[in-house]
Amino acid sequence: MKIAKQIVYKGFKGAFRICLLLLLIHLTNQVNAQSNLRNGRSRYDQSLLADTNMLSTGDYLEGLERVYQTLNKIPTVTSSFTRIPEINGRLKSDDSTINLLKQRLSLNVSTFNLQNLQMFRTLLDEMTDNETIYNEVILSYDKSLDDMKKEIAALRKDTIIRQIFTTKALRDSFSTQLKALRVKRIASDSLIKSTTATLNELKAHVAENALSVQELLYQTNVQLKSIGPKAFLKEKRFLWEKRSSATDLKYPEFNQMLDSEQQINQYYFKNTRSNRVLLLFFGALFFIWVSYNFRSLKNKGKMNVLDDLDLKLISPVPILASFVLIFTMAPVFDLHAPALYIELTQFLLLVVLTGLFFKRIPREPLILWAVFILLFVALSLVRLIGISPHTQRWLILFINLISTAFAVFALKKLKPVVGKYRILLIAGTLYMLFNGLAILANLFGRTTLMQIFYTTGVYALLHTVSLIVLIQLIIEAFLLQIKGSRMRKNYPDHFEWETIAKDFSRIISYVAVFIWIILLTAHLDVYDLLSNA
């Protein structure tokens, strides 16, 4: 029994050892399998990483394509700088104007027309605004060019592109593309350099002109300020004093001065066009408005409904009426316009008003109106014929004497008519008063005051007449509009237009008086002072 137990025990012990050995063998195989799997994955991962770091031909070609695209942008960007020729041309024109203004402002203050000094200031202010615009455009172009330079600089840091240029094998492989790229790069560099140089020249030119304009503005303002105090001082000899051949001969620079004034006027008109375009637009709108209402009534066969309106000035083709509007408002749209422009527009206003008055007003007022036109033209010609200052003063004195006598005579003759328009009585009185003051200023050598007084007197009367006519034209056009609108809506023909016309006339008259005061103060050279205050 004991022996049997020992045999069983030894058998069990041997089986346990065999099982343990088999278990150890199994675990060893599992560890080896996992180790082999990890090694396999590691080799696979290394192979995968190695494949992604290797650049293909397509990668290099994409890099070269980026360079081509960047270089192709340069001509596109520079060709968008379309305002460079315009700015260059404007700056050259500014140079001519600056030189002319320097010449004019170097002359003695007494040779200046006050209105032209104001025009110089307006012109210089306009040039300052233009230079600000030029600077903004040039800086925007400069920024676009700088952005392109930064984009090119970023390409030089691209590792793929650097590898192409630094590796001989790659250079040989892409020799055709690199050769074409080299030609394009040289052209692009040249274009960038030339455009940069042009922009730098323009910036320098603008800065130089800005300094000149500021200096001229300073000189203009000094001369304008000096005119006020000097106007009340003795600027010239008393008119009765003996003439000095050394100082009162015909000044030889007159033709040159007149020529430079015309060139400055041309620049003024060229650079302040928007106001006159707006004025012409209003004139055309008035013409279309009146013509449309007449045409609509004619098409409906209702022209007879206008009989009770008593239209005196308006007509189916209101050409003269439209020009009255344009020329009457021209000084308002250009308060500091050149003297030649103001004189021309006001002379044309006289002509248009004459055409409107012809066969509409009695013969006697029409003759007085013709005398007023002759006196107006005479004053303008005296300034433009280039005679000596002393002779010019004598002629102006003669014209002022006739104008004063004419004003007294006309006020007496037209007293019944003038009584209906109080503003016309005021303007006639001012015409007489300012001509009298111009005579006194001329006699005692106050030539600036003389100039201010006689121009103010003439224009005060002319603006009064033209504004009265314009008020009547607008009232008649307004009544025509009401009639036309009623006919188009099939309303009754008759309506109480007198009350409407009276109320509307009162409103328009207030506006006209306001415009008249603006023009009067502008001619007296106190408008800027009052408007600033």
Side-chain angles (χ1 to χ4, degrees), residues 103-121 219-258 260-261 264 336 338-340 342-343 346 375-404 430-460 520-529:
Q103 293 173 9
R104 290 299 307 276
L105 290 169
S106 65
L107 299 175
N108 190 290
V109 137
S110 61
T111 65
F112 281 112
N113 182 301
L114 177 62
Q115 198 166 15
N116 278 348
L117 269 179
Q118 293 171 337
M119 184 267 289
F120 291 169
R121 184 171 61 186
Q219 293 179 25
T220 303
N221 288 328
V222 167
Q223 297 214 25
L224 279 169
K225 289 177 182 177
S226 68
I227 281 180
K230 287 183 179 180
F232 294 93
L233 301 176
K234 184 181 178 183
E235 300 172 272
K236 298 284 186 179
R237 297 182 325 279
F238 295 140
L239 193 59
W240 61 83
E241 287 181 345
K242 189 176 179 180
R243 176 176 172 177
S244 171
S245 59
T247 58
D248 269 337
L249 293 175
K250 178 179 177 178
Y251 42 98
E253 72 275 9
F254 174 79
N255 291 331
Q256 179 184 356
M257 184 183 70
L258 190 61
S260 65
E261 185 173 324
I264 293 170
H336 299 316
L340 285 175
I342 294 297
E343 289 171 0
Q346 298 313 286
L375 292 172
F376 177 91
V377 173
L379 279 173
S380 299
L381 287 177
V382 164
R383 191 178 72 86
L384 297 174
I385 57 179
I387 57 178
S388 69
H390 190 76
T391 306
Q392 189 179 89
R393 286 175 63 189
W394 275 106
L395 286 175
I396 291 174
L397 176 69
F398 180 67
I399 295 170
N400 290 150
L401 285 169
I402 296 176
S403 299
T404 306
L430 286 176
Y431 179 74
M432 178 180 64
L433 175 64
F434 280 125
N435 274 284
L437 290 173
I439 292 169
L440 293 175
N442 191 358
L443 287 171
F444 292 98
R446 275 65 175 177
T447 52
T448 300
L449 281 178
M450 172 194 72
Q451 178 194 103
I452 292 173
F453 286 147
Y454 75 68
T455 56
T456 302
V458 170
Y459 287 126
L520 181 68
T521 55
H523 289 301
L524 287 171
D525 193 36
V526 294
Y527 172 77
D528 288 338
L529 180 65

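Values below: all heavy atoms of this structure, side chains included; hydrogens, waters and symmetry mates excluded.
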- Mind checking what makes salt bridge (Lys or Arg N to Asp or Glu O under 4.0 Å) contact with Arg393, not counting sequence neighbours? none

- With sequence neighbours left out, write down each residue that passes side chain to side chain contact (heavy atoms under 4.5 Å, CB included) with Ile342, or none if nothing qualifies. Gln115, Pro331, Ala337, Gln346, Tyr459

- Query: Which residues pass the side chain to side chain contact (heavy atoms under 4.5 Å, CB included) test with Ser380, sequence neighbours left out?
  - Reply: Glu343, Phe376

- Task: Kindly give the heavy-atom pair with the smallest separation between Ile452 and His523, and that separation in Å.
- Result: CG2-O, 3.7 Å

- Spacing of Thr455 atom OG1 and Leu524 atom CG [to the nearest 0.5 Å]: 8.0 Å

- Task: Take Thr391 and Trp394, measure what side-chain contact (heavy atoms from CB on, under 4.5 Å) needs, and give me the verdict at the end.
- Result: CA-CA 5 Å; Thr391 306; Trp394 275 106; 5.6 Å; no

- Message: What's the separation between atom CG in Leu401 and atom CD1 in Ile439, rounded to the nearest 0.5 Å?
- Response: 4.0 Å

- For Val222, enumerate each residue passing the side chain to side chain contact (heavy atoms under 4.5 Å, CB included) test, keeping only those at least two apart in sequence or located in another chain. Tyr218

- Any side-chain heavy-atom pair of Leu117 and Leu105 under 4.5 Å: yes

- Item | Rounded distance (nearest 0.5 Å) linking atom CG of Asn435 with atom OH of Tyr454 | 10.5 Å

- Query: Roughly how far, to the nearest 0.5 Å, is CZ of Phe453 from CG of Leu440?
  - Reply: 9.0 Å

- Note: Gly436 and Thr404 closest approach over all heavy atoms is N-OG1, 3.7 Å

- Note on the structure: Output for pair (Met450 CE, Gln392 CD), nearest 0.5 Å, gives 6.5 Å

- Hey, does Ile402 have a side-chain heavy atom less than 4.5 Å from the side chain of Leu375? yes

- Item | Those residues that, when tested against Phe444, pass ring pair (Phe, Tyr, Trp, His ring centres under 6.0 Å) (two or more places apart) | Phe238, Trp240

- Query: Partners of Tyr431 by ring pair (Phe, Tyr, Trp, His ring centres under 6.0 Å), sequence neighbours excluded?
  - Reply: Phe372

